[in-house]
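Below is one structure, written out as structure tokens; comments come after it.
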There are 2 protein chains.
Amino acid sequence: MIEHHRQHVLQAQFEQACREKGFKMTQQRLEIFRELAAASDHPAAETIHRRLLPKLPTLSLDTVYRTLSTFEHHGLITKVDTTESQARFEAAGEEHHHLICRKCGRITDFYWQRFDETALPPDIDRWGRVSKKNVTLYGICKECEESGGRR
Amino acid sequence: MIEHHRQHVLQAQFEQACREKGFKMTQQRLEIFRELAAASDHPAAETIHRRLLPKLPTLSLDTVYRTLSTFEHHGLITKVDTTESQARFEAAGEEHHHLICRKCGRITDFYWQRFDETALPPDIDRWGRVSKKNVTLYGICKECEESGGRR
DNA sequence: TATCTAAATAATAATTATTATCGTTTATGA
DNA sequence: TCATAAACGATAATAATTATTATTTAGATA
Ligand SMILES: [Mn+2]
Ligand SMILES: [Mn+2]
Ligand SMILES: [Zn+2]
Ligand SMILES: [Zn+2]
């Protein structure tokens, strides 16, 4: 099936990345990467750990943290800007931005090409060199507006 | 002097806010608020505590945390979006945005009226109601570029 | 394919950031 | 001044993350 094929391609790409970056391709790393590539909800380390336990029953939470840290340092994934205490992660991909619901805490992607193409205010140059620009919108999502909210 | 007068006005405004919100005006709260209103570096709770100890030697770190939480719930201050583990705070003021240096970690304000006035992408409406929009720019500041960095 | 070794893992302990508990102090209103 | 609920400080507890270490394993080599 298509899904099956996609998995295969993803795995090949990941193996390639490991070879390039010079780190070992382990089952744990592959599954953590897969999980993050498939997720759209910017999971925390604990969430990833919980989701993978059925498939990798011996996986330690520490390994999840270590692996996420490794991936981040090599640019395969990024941490999301939040005001929460738990770090939230996502696979590095196309430039995009985030909507955060103040009630349920869900973090949703959105794309905004007009913004991506807009030049920064000129005085930014005096500050230094900018390499990434993020927009975060806070508000209340439709689901929470209608019901009374908490995830 | 002018500085002295400003302090006085600030204190009056703060006392007013306490009365309105219905919470007690204590020395601790006043000093924490003052410190945050004067700071431009988005200090963490511990930083505020350290700065106030000379003036309030019995101030507990716990009180700083509790007070910041109170202020935040009443909209007097806000947490800053970061990927750090420590929460960083600022007094609520004019709409503005942040530059974060990847090397030294300093968070600098910048203003961008063009952005503030720009309409959001239309499909955002389907998500819900947005009440705040933040831009965060990541990069390397001039100081770090020139020297070798770390705060 | 069997062997070797540095890197990675899991278990555990430690650290860091934040919040809760509780007895004492204090701001505020009668 | 007095009463009282709110806030404080000391301390303990919890939550999130990182360090330590003995064991396992990916990947290189013979
Ligand atoms: Mn995202
Ligand atoms: Mn700011
Ligand atoms: Zn919501
Ligand atoms: Zn810097």
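Per chain, numbering begins at 1; letters A, B, ... match sequence-line order.
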Between [N] atom [atom2] and [X] atom [atom1], what is the distance in whole Å?
{"X": "A/His73", "N": "C/dA8", "atom1": "NE2", "atom2": "P", "result": "14 Å"}
{"X": "B/Lys21", "N": "C/dT28", "atom1": "NZ", "atom2": "P", "result": "17 Å"}
{"X": "A/Gln27", "N": "C/dA7", "atom1": "CD", "atom2": "C1'", "result": "17 Å"}
{"X": "B/Leu59", "N": "D/dC8", "atom1": "CG", "atom2": "P", "result": "9 Å"}
{"X": "B/His49", "N": "D/dC8", "atom1": "NE2", "atom2": "C1'", "result": "12 Å"}
{"X": "B/Leu30", "N": "C/dA27", "atom1": "CG", "atom2": "C1'", "result": "14 Å"}

Other residues, nucleotides, ligands: >12 heavy atoms within 6.0 Å of A/Arg114 CZ: no

A/Arg51/A/Asp41 ion pair, N-O < 4.0 Å: yes

Carboxylate-amine/guanidinium proximity below 4.0 Å for A/Glu31 and A/Arg34: yes

Ring centres under 6.0 angstrom apart (A/Phe14, A/Phe71): yes

Positive for side-chain contact (heavy atoms from CB on, under 4.5 Å) with A/Lys79, one of A/Arg88, A/Glu72, A/Glu90: A/Glu72

Geometric class of the B/Phe110/B/His97 ring pair [parallel <30°, tilted 30-60°, perpendicular >60°]: tilted

Contact letters for nucleotides 12-25 of chain D, in which S counts primed atoms plus P, OP1 and OP2 and B counts the base, heavy atoms under 4.0 Å: ----SBBB------

Selection from C/dA8, D/dA10, D/dA7 that lies nearest to any side-chain heavy atom of B/Phe23: D/dA7

Five-pair end axes of the helix from C/dT1-D/dA30 to C/dA30-D/dT1, angle between them (10°): 30°

Phosphate contact (D/dC8 OP1 or OP2) by B/Thr26 side-chain N/O below 4.0 Å: yes

